[in-house]
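Scroll down for the structure; my scribbles are underneath it.
What you see is a predicted model, and the numbers here were worked out from it, not measured in a lab.
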Amino acid sequence: MEKYAEKRYIDTDKGGKKMTKRIRGRMAKVFSSMKAVFLSTFVFAFIVPSLVMVSLLYISFLHQTQIFHARQYHNTLQLLSSQLSGNINMDKEVSMAYFYDDKVKSFYTFVNNYDIEQEETRYNQCLQPYNQAITIYMTLLDKNIEGIGFVPVSHNSNRYFYIPKYQEPQVFENYHCNEKNWYPKLAENSNNIIFVKTDSTGNEDSISMIRAAKNVDKGQSIGYIVVNISTSFLEDMINELSVGKGSSIMLLSPDQQVLYTTDAKMTAYSDLIMNKDSVHTATDRFDVFRYTDQTYGFTFCYMASAKDMLMANLSSFWIVCVFYLIMVAAAYVAYKRMSRRITKSVNPIIDVMNQYNAGDSSILCDTSLCTVSEIATISENLNLMIRKINDHIDNEYKLQLSQKAAEYQALQAEIDPHFLYNTLNLFITLNRLDEKKKLENAIISLSHLFQYTCRHTGSTTIQQEFDFVKDYLYLQQIRYDDRLKFEFYLEPDMEDFEIPKLLIQPLVENVIVHALEPSDHPVNIQITAMMASSRYQYQFAVVSVVNTGGMPYRPGNADSGRTGIKNIRDRLAIFNPNAIFSIRGGDGKPTKCSIIIPVELKTETVL
């Protein structure tokens, strides 16, 4: 069969090469007839449209670019303002913690009423719970808070009590809040919230939100709360936005103080940025776009660099130039479309030929994929040729299969005479011992055995084979009495699994002949059938015959006579070429015979 299959592959390969040569010759003629079509496509796809479209495309592109950029700048500033407002709203909650948290209120009240150097013990008692409470607020409410400070207005007014996030509390001496630029505004109106650039007590890349802390009962100020907010979230957002290389973004407080900028050089032009729509520097010109937050009054400014706009316009100019190349490429695209159409028609034929040469004899070409009529004709003829070859192969396979079936039946028939001989010897022994009851049961068991062996079938089920072996072992147990013991285990759902008839009984008989008869020791035979899975999830039916006790089982002894191991191997190979038969054991160890049959690859042929 293997030689025949190899010959089929060689013949198919030769036929495929000849067909490929014919296809290539026909394709060369098709391409030569399309040159005139390609030339006319080039003229009408490039020359006429290019004269009209080039100028219109460039003008329209410039206009739409300006509108798009203005809208993009406004959306960018609005997004940044919305994000900053959201963070400030959460930070206001932190700054007002003294209203509802006694730990914070007690600390503020204490440092405002007592000198911490004179009341150091009480100060430390208030500081620890205050530090824990503030740390929790900074962690839960806003990850951008860098620290919270407090400046008393009465005692310790020259001290600044600052708690950095995840760090030990700090006290800055000689801190005079009345010298700060934010102090006059809060002194004038204690309800104000001031935003300033963080001083040296904090990170220079942060913003300080300052508000007054009041005694709720008396309505008097007890100090000033400072919340340092990191601007890293603004940097992260700006990095994700499309900001030009020469452009910059600036954040101004309500009093036009620069709180944040992406370009420090633009700080010197902050006054012009708030009042003019265009700012000129020594090296560039900037178009200014502004957005003012209505709640807190801070302003985001976007300075669009003229150089960036020029580069964008220059890019559009090159796009227009490339348009000419695109028009030239249009002719090439037309050619590629035609070529692709032919290729799509030819590829199914080539794929079928390759797969058939690889051994897939059921493959056929899908003629609907061949949109070119000439190539469709080739695909139809190819399918006809494949069908004829498959018919020829099927006829040869059936002939060989019938020969295998005859061999199978001949090998199976070898078992019956030897088994009958052993059984008749047992009956003679029972008759001489006048064991009528045992003889009667033995004759009934023998009738079951003859009924089983006389069935004209090549295969049986494991359940039927187990019943047959039980009858056989019953006959042998009458002869050997307590020296012979046996156990059966059949896994549920395996009763109907097909195996060759009389496959297990010869293994059991060899145990009797080669392990029990030559020895005086008892023998225990364990017969099991179960399913097993490999690490690749393949299913196997495993039938085992284990001999414990008696003389060691030697495979060489089993090969003598007509029921040897070679007979079992041959029958198993005919039943399923992928099945495995193995023997393990020896001196001092139980002998185990295993039959392993792959479930997925099990032969479907009924012999």
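- A cation-pi contact, defined as under 6.0 Å to the ring centre and within 45° of the axis, is absent between R122 and F110.
- Side-chain contact annotation: S305 with S247, donor-acceptor N/O pair under 3.5 Å absent.
- For F540, the CZ atom sits in a packed shell: over 12 heavy atoms of surrounding residues, nucleotides or ligands are nearer than 6.0 Å.
- Panel note: side chain S106, backbone D102; a donor-acceptor pair is recorded below 3.5 Å.
- Shown here is E173, whose CD atom has more than 12 heavy atoms of other residues, nucleotides or ligands within 6.0 Å.
- In this structure, Y296 and F195 have perpendicular ring planes: the angle between them is above 60°, well past the 30° mark.
- Around the CD atom of E380, the shell of radius 6.0 Å holds more than 12 heavy atoms that belong to other residues, nucleotides or ligands.
- Between the side chains of T261 and D263, not a single donor N or O lies within less than 3.5 Å of an accepting N or O.
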Task: Test log, rule side-chain contact (heavy atoms from CB on, under 4.5 Å), inputs L251 and L84 - done: CA-CA 10 Å; L251 173 62; L84 180 59; 3.7 Å; yes

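- Classified by interplanar angle (parallel below 30°, tilted 30° to 60°, perpendicular above 60°), the ring pair Y160/Y162 is parallel.
- Side chain to side chain, Y73 and D287 fail the donor-acceptor criterion of an N or O pair below 3.5 Å.
- A centroid separation of 6.0 Å or more is found between the aromatic rings of Y302 and Y291.
- Relative ring orientation between F161 and Y123 is described as tilted, the plane-to-plane angle lying within the 30° to 60° band.
- A donor-acceptor contact shorter than 3.5 Å is absent between the side chain of K214 and the backbone of S221.
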Open item on the list: Apply side-chain contact (heavy atoms from CB on, under 4.5 Å) to residues M303 and Y269 and explain how you reach the verdict.
Closed with: CA-CA 11 Å; M303 284 70 71; Y269 303 93; over 6 Å; no

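- Defined by atom type and a distance below 3.5 Å, a donor-acceptor pair is missing between the side-chain atoms of N228 and S206.
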